[in-house]
Amino acid sequence: MYDHKKIERKWQKEWEKSGLYKTKDDKKKKKYYILDMFPYPSGAGLHVGHPKGYIATDVFARMKMMQKYNVLHPMGWDAFGLPAENYAIENKVHPRQAVEENIKKFKNQLLKLGFTYDWAREINTTDPGYYKWTQWIFLQMFKKGLAYESNEPVNWCPSCKTVLSNEDLEGGKCERCGSDIERKPMRQWVLKITDYADRMLNDLEKLPDWEESIKEMQRNWIGRSEGAIVQFSIFNFQFSIDVFTTRPDTLFGATYFVMSPEHPLVKKLTTPEQKKDVEEYIKKTAKKSELERTDLAKEKTGVFTGAYAINPVNQEKIPVWIADYVLMGYGTGAIMAVPGHDKRDFDFAREYEICIRCVTSPRSINDLVVKYRSVDDSALKPSSSTEKTKKLTGEAIAYWVDSKTPEDSFKRFRERVEDGIECYTGEGVNINSGFLDGLETEKAKEEMIEWLEKNKVGKKAVNYKLKDWVFSRQRYWGEPIPIIHCKKCGAVAVSEKDLPVKLPEVKQYEPTGTGESPLANIKEWVNTKCPKCGGPGKRETNTMPQWAGSSWYWLRYIDPKNEKALVDKKKEKYWSPVDFYVGGAEHATRHLIYARFWHKFLFDIGAVNYPEPFTRLQHVGLILAEDGRKMSKRWGNVINPDEIVEKYGADSMRVYEMFMGPFSGACAWSTNGLIGARKFLEKVAKLKTRIEKVKMADGLSNLLHKTIKKVGEDIEEFKLNTAISTMMILANKMEETERIDLNAYESFLKILSPFAPHLAEELWHELGHKESIFKEKWPEYDKKLIKDETINLVVQVNGKLRDTISVAVDISEKEAKEEVMKSEKVKKWLEGKEVVKIIFVKGRLINIVVK
RNA sequence: GCCCGGGUGGUGAAAUUGGUAUACACGAGGGACUUAAAAUCCCUUGGAUUCAUACUCCGUGCGGGUUCGAGUCCCGCCCCGGGCACCA
């Protein structure tokens with residue numbers, strides 16, 4: 001038994017004293033910047049799941065340190081935002097005070113785990129010296145027209161009493177509190193993230209060391225689709241309405257027109273006869289929650305407005321409907337309905353008995369497969385699954401139409417499509433389409449766009465699911481938006497020399513629910529002078545969302561005290577980009593989208609040197625409670641790391657959490673597993689008693705060097721669980737060895753030290769060393785020593801294992817054959833059989849094929 | 001519905017990417033030490049068959065296929081997790 005309490009405290013103090021983790025801007029050394037997603041200092045404190053990612057980056061950082069990189073591994077606090085504020089309201093303390101207390105609590109917990117953080121670089125997003133630069137970035141965006149005011153309908157959370165961005169929703173509900181959100185028009189600040197959509201999408205290809213799943217989530221979130229805007233004039237009116245479509249080739253098949261009930265022109269074009277019905281329908285939809293409206297299972301509903309639109313390509317008069325399956329938030333809020341080739345339009349047309357016209361006929365069975373392909377992936381390279389669906393072809397369609405031969409089923413299907421009985425969303429050849437007749441879909445699209453542009457009734461267009469970032473919150477605990485409203489000059493930027501606009505003290509920080517933040521009540525703060533004309537002005541009272549401070553924080557660690565710039569450009573050039581970023585997958589479409597957006601903007605204005613902030617990205621899997629559920633106060637199954645550290649030691653916890661399973665997977669906590677990790681460490685400590693200066697046994701040096709190789713490679717690939725199991729094998733082997741060679745043991749301590757830093761340091765010093773083990777060089781493996789001289793050659797007969805024989809590793813095929821034939825076991829299986837051929841894989845196996 | 005991951009012992013999981021399936025650990029069973037227990041150490045631990053830890057057969061969600069050889073590749077299906085979702 002080793003005394004973890006004593007040695008862990010001792011070395012934590014010692015490391016702090018000697019400044020082991022002080023990061024200097026030493027430009028002669030190669031840099032490595034490894035970053036954790038910084039936490040919210042919530043009231044509950046850390047549970048054992050939170051530090052998992054921090055432990056992993058710490059292991060990595062320590063190895064890089066020993067590989068003589070200049071390592072930056074910082075930590076800070078993302079302390080603005082709703083959780084901190086709600087905690088403060090609940091506990092009747094000021095958010096600032098709550099945040100201070102929580103940070104203290106968090107930091108204490110982290111300190112006990114022995115991380116390499118350079119606390120001299122600690123940052124806090126609620127520190128005025130920090131948010132000065134968050135505000136500064138906002139002002140630069142404002143100046144470039146990327147931050148603008150809008151009155152569009154937005155997501156309003158009635159419980160949190162603030163607007164939310166699309167990224168803050170989860171299945172139509174508030175991500176924080178789970179309330180149904182309401183759509184209502186409100187004045188708000190919006191950041192034009194859509195200007196960066198294409199670059200954010202394309203640059204994902206330049207990030208090979210990001211996990212594919214996260215890149216895919218971002219692609220889906222950005223949701224680029226190519227198509228056209230088409231202008232439909234409204235019969236008997238002077239205006240026209242635009243629609244967006246990805247299928248301009250089907251324009252001849254548009255048999256009706258649908259507008260979202262919220263579309264601002266609905267009232268204008270509704271005829272007096274239809275007015276009552278339309279108003280009723282609008283009222284009905286307004287009452288529905290976002291969730292009800294987007295429920296796919298429900299039947300499509302709508303109402304005829306009495307108006308007609310003119311199809312620009314054939315001058316046909318088509319009825320204008322309103323229906324809530326058309327969303328105001330996507331495209332133009334109005335669509336041309338082509339029921340023959342769009343499933344939703346088809347369902348609607350069936351319901352209301354509107355004409356269905358086929359304009360695309362499938363050419364062959366191969367076309368039908370395209371039916372399975374999503375329409376909007378045209379801009380991207382085909383994903384692997386797209387390739388798969390292509391191979392479905394014959395059988396799939398036969399199964400689908402329930403017919404004997406694929407050809408027969410295809411014929412029947414085509415007839416149904418052309419009769420408008422079947423909805424066909426795939427590609428094919430245009431029919432009933434005037435000048436497009438006979439053209440294939442791709443060609444027809446091009447021709448139609450050309451025609452639209454020539455006749456000035458439409459144009460090529462790209463549309464995104466990504467919406468501009470709703471950037472204001474009607475809450476207290478956030479960065480004030482540095483804008484002054486002036487009656488004469490409009491919205492005016494606060495002068496840069498007046499930054500930061502400090503968040504004022506306020507008596508009531510509960511949300512008002514009025515669409516203004518509590519700041520609106522502080523008259524002496526709100527009323528100020530317009531920086532432009534000197535006349536009376538009012539400060540913007542909305543604050544920034546919680547994501548603001550985290551959208552650039554990695555830059556601040558590089559130069560945390562700089563008062564002249566958000567980061568010194570030379571320092572930034574040295575340290576950026578972040579080489580390795582580790583954190584939760586829940587940030588894939590929130591923080592990581594915003595962060596890339598801000599970074600690209602800073603790159604454009606010359607504030608940083610690189611267009612992408614994070615070179616490598618790895619997501620950390622959850623640690624579940626012992627009962628397999630998420631750790632939560634509600635279930636009472638939370639495990640506090642402090643208790644684990646107290647009872648079993650930080651090193652045990654570190655080793656266990658890395659050993660549990662693959663890093664990105666979710667895994668349930670097991671106290672027995674933790675004890676297993678502790679036993680391993682004790683075994684390592686005990687081995688020391690058997691150390692002598694002896695020549696390493698051959699078997700041991702071979703295993704040692706293999707272990708050094710594998711541990712190094714595994715850490716690099718973040719396969720930390722197998723790194724540990726490899727070291728366990730070495731420890732077991734050493735345990736069997738009577739006298740352990742000092743050099744072998746020291747090398748072992750070095751590769752173990754990133755995982756169990758306190759114990760490794762202690763044992764290292766007990767061996768008589770005066771300097772820290774972390775100043776040692778990471779051991780290198782000897783290529784000669786990892787080579788096996790003999791191997792167990794696997795002997796198979798007809799692919800089945802029958803024997804293994806020990807032979808020289810480089811045995812020739814001929815020799816191997818001779819050896820194998822001597823084996824009694826093999827002979828038995830060859831009896832009375834004819835050897836057809838023998839397959840020999842050098843250094844691995846020999847397979848005798850018999851008949 | 002679409003997209004991305006997965007499915008291997010009682011459990012967490014390994015498997016050099018097509019070459020000895022179940023490493024390492026947990027749990028369980030047995031033993032040693034002990035008056036006893038804890039701790040520690042040793043042995044056993046996929047299933048069937050068997051006195052046998054001899055031999056053999058079966059075995060990586062299910063059904064086919066390719067191959068000398070498949071957990072790994074191909075085709076079809078089932079289930080689990082995550083993301084998006086009336087996106088025109």
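Protein chains get the first letters and strands the later ones, always in sequence-line order, with residue 1 at the start of each. On a predicted model such as this, the values are computed, not experimentally measured, just so you know.
The pair A/Glu299-A/Arg350 does not meet the salt-bridge criterion, since no charged nitrogen lies less than 4.0 angstrom from a carboxylate oxygen. A/Glu226 and A/Arg224 are joined by a salt bridge, as a carboxylate oxygen and a charged side-chain nitrogen come within less than 4.0 angstrom of each other. Under 4.0 Å is where a charged nitrogen must lie from a carboxylate oxygen, and between A/Glu211 and A/Lys215 no such pair does. Ion pairing between a basic and an acidic side chain is recognised when a charged N comes within 4.0 Å of a carboxylate O; A/Glu713 and A/Lys710 show no such pairing.
Put simply, A/Lys465 has no side-chain N or O that comes within less than 4.0 Å of OP1 or OP2 on B/A85. One finds a side-chain N or O of A/Arg344 lying less than 4.0 angstrom from the OP1 or OP2 phosphate oxygen of B/C87. Taking side-chain N and O atoms only, A/Trp829 has a distance below 4.0 Å to OP1 or OP2 of B/U56.
Looking at RNA chain B, the stems built from 3 or more consecutive Watson-Crick or G-U wobble pairs, each pair with its key distances under 3.5 Å, are B:1-7 with B:78-84, B:10-12 with B:24-26, B:27-32 with B:40-45, B:46-48 with B:56-58, B:61-65 with B:73-77.
Note: CD (A/Gln218) to P (B/C4) measures 16 Å, nearest angstrom. The CD atom of A/Glu586 sits 10 Å away from the P atom of B/G83 (whole-angstrom rounding). Atom-to-atom, CG of A/Leu169 to P of B/G83 comes out at 14 Å; the value is rounded to the nearest Å. Computed from coordinates, the A/Asp803 CG to B/C55 C1' distance equals 14 Å when rounded to whole Å. Between the C1' atom of B/G69 and the CG atom of A/Leu845 lies a distance of 8 Å, rounded to the nearest Å. Protein atom CH2 of A/Trp321 is 17 Å distant from nucleotide atom C1' of B/C86, rounded to whole Å. The separation between A/Asp249 atom CG and B/A88 atom C1' is 13 Å, rounded to whole Å. Atom CE of A/Met328 and atom C1' of B/C86 are 16 Å apart (whole Å).
For A/Ser823, the side-chain hydrogen bond (donor to acceptor under 3.5 Å, both in side chains) partners are A/Asp803, not counting sequence neighbours. Partners of A/Thr255 by side-chain hydrogen bond (donor to acceptor under 3.5 Å, both in side chains), not counting sequence neighbours: none found.
Annotation: of the two residues near RNA chain B, A/Ser213 and A/Thr332, the 5′-most nearest-nucleotide partner is A/Ser213. Summary of the strand contacts: A/Ile848 and A/Met336 both lie near RNA chain B, and taking for each the nucleotide with the nearest heavy atom, the more 5' one is attributed to A/Ile848.
Below 30°, between 30° and 60°, or above 60°: for A/Tyr594 and A/Trp469 the angle between ring planes is below 30°, a parallel geometry. Using the six-membered ring where Trp is involved, A/His587 and A/His591 have ring planes that are perpendicular, over 60° apart on the 30 and 60° scheme. Aromatic ring pairs are classed by plane angle as parallel below 30°, tilted from 30° to 60° and perpendicular above 60°; the pair A/Tyr325 and A/Phe348 is tilted.
A/Lys842 comes within 4.0 angstrom of no nucleic acid atom, judged by non-hydrogen atoms across all strands. At the heavy-atom level, A/Trp669 lies nowhere under 4.0 Å from the strands shown. Counting any heavy atom pair closer than 4.0 Å across all strands shown, A/Lys800 reaches sugar-phosphate atoms only and no base atom. Heavy atoms of A/Arg678 sit nowhere under 4.0 angstrom from any nucleic acid atom. At a threshold of 4.0 angstrom between heavy atoms, the contacts of A/Val795 with the nucleic acid are absent.
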What's touching nucleotides 21-26 of chain B from the protein side, N or O pairs under 3.5 Å?
{"from": "B/A25", "atom 1": "OP1", "to": "A/Asn732", "atom 2": "ND2", "distance (Å)": "3.1"}

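One C1' atom belongs to B/U17, the other to B/C42, and the distance between them is 38 Å to the nearest Å. Rounded to whole Å, the separation between the P atoms of B/G76 and B/G82 comes to 26 Å. B/C62 and B/U49: their C1' atoms are spaced 26 Å apart (whole Å). When the C1' atom is compared between B/G63 and B/C51, the two are found 40 Å apart, to the nearest whole Å. Going from the P atom of B/G46 to that of B/U11 covers 13 Å, rounded to whole Å. Comparing B/C73 with B/G5, their P atoms are spaced 12 Å from each other, to the whole Å. The gap from the C1' atom of B/C43 to that of B/U53 amounts to 11 Å, rounded to the nearest Å. Comparing the C1' positions of B/G12 and B/C77 gives an interatomic distance of 29 Å, to the nearest angstrom.
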Quick one: side chains of residues 675-687 of chain A, donor-acceptor pairs under 3.5 Å with protein atoms, not counting sequence neighbours, listed by atom name and distance.
{"from": "A/Arg678", "atom 1": "NE", "to": "A/Glu682", "atom 2": "OE2", "distance (Å)": "2.7"}
{"from": "A/Arg678", "atom 1": "NH1", "to": "A/His4", "atom 2": "ND1", "distance (Å)": "2.8"}
{"from": "A/Arg678", "atom 1": "NH1", "to": "A/Tyr648", "atom 2": "O", "distance (Å)": "3.0"}
{"from": "A/Arg678", "atom 1": "NH2", "to": "A/Tyr2", "atom 2": "O", "distance (Å)": "2.9"}
{"from": "A/Arg678", "atom 1": "NH2", "to": "A/Glu682", "atom 2": "OE2", "distance (Å)": "3.0"}
{"from": "A/Lys683", "atom 1": "NZ", "to": "A/Asn732", "atom 2": "OD1", "distance (Å)": "2.6"}

Distance-only criterion, 3.5 Å: show the donor-acceptor pairs between side-chain atoms of residues 718-729 of chain A and protein atoms not counting sequence neighbours.
{"from": "A/Lys719", "atom 1": "NZ", "to": "A/Glu717", "atom 2": "OE1", "distance (Å)": "3.4"}
{"from": "A/Thr722", "atom 1": "OG1", "to": "A/Asp714", "atom 2": "OD2", "distance (Å)": "2.8"}
{"from": "A/Thr722", "atom 1": "OG1", "to": "A/Lys719", "atom 2": "O", "distance (Å)": "3.1"}
{"from": "A/Ser725", "atom 1": "OG", "to": "A/Thr722", "atom 2": "O", "distance (Å)": "3.1"}
{"from": "A/Thr726", "atom 1": "OG1", "to": "A/Thr722", "atom 2": "O", "distance (Å)": "2.6"}

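The side chain of A/Leu327 lies closest to B/C86, out of B/U56, B/C86, B/C68. Side-chain atoms of A/Thr804 lie closest to B/U20 of the nucleotides B/A88, B/U20, B/A14. Considering only the side chain of A/Met217, B/G83 comes nearest among B/C86, B/C55, B/G83. For A/Arg802, the side-chain atoms get nearest to B/C57 when compared with the rest of B/C57, B/G19, B/C55. Nearest to the side-chain atoms of A/Asp342 among the listed nucleotides B/A88, B/U16, B/C42 stands B/A88. Comparing B/A88, B/A14, B/U20 by their nearest atom to the side chain of A/Ile335 picks out B/A88.
Base orientation of B/U66: anti, since the glycosidic angle falls outside 90° of 0. The glycosidic torsion of B/G46 lies more than 90° away from 0, which places this base in the anti conformation.
At a cut-off of 3.5 angstrom, counting only N and O atoms as typed in the model, there is a donor on one side and an acceptor on the other between the side-chain of A/Lys300 and the base of B/C86.
The number of heavy-atom neighbours closer than 6.0 Å to NZ of A/Lys733, taken from other residues, nucleotides and ligands shown, is 12 or below.
Defined by atom type and a distance below 3.5 Å, a donor-acceptor pair is present between the side-chain atoms of A/Thr301 and A/Tyr281.
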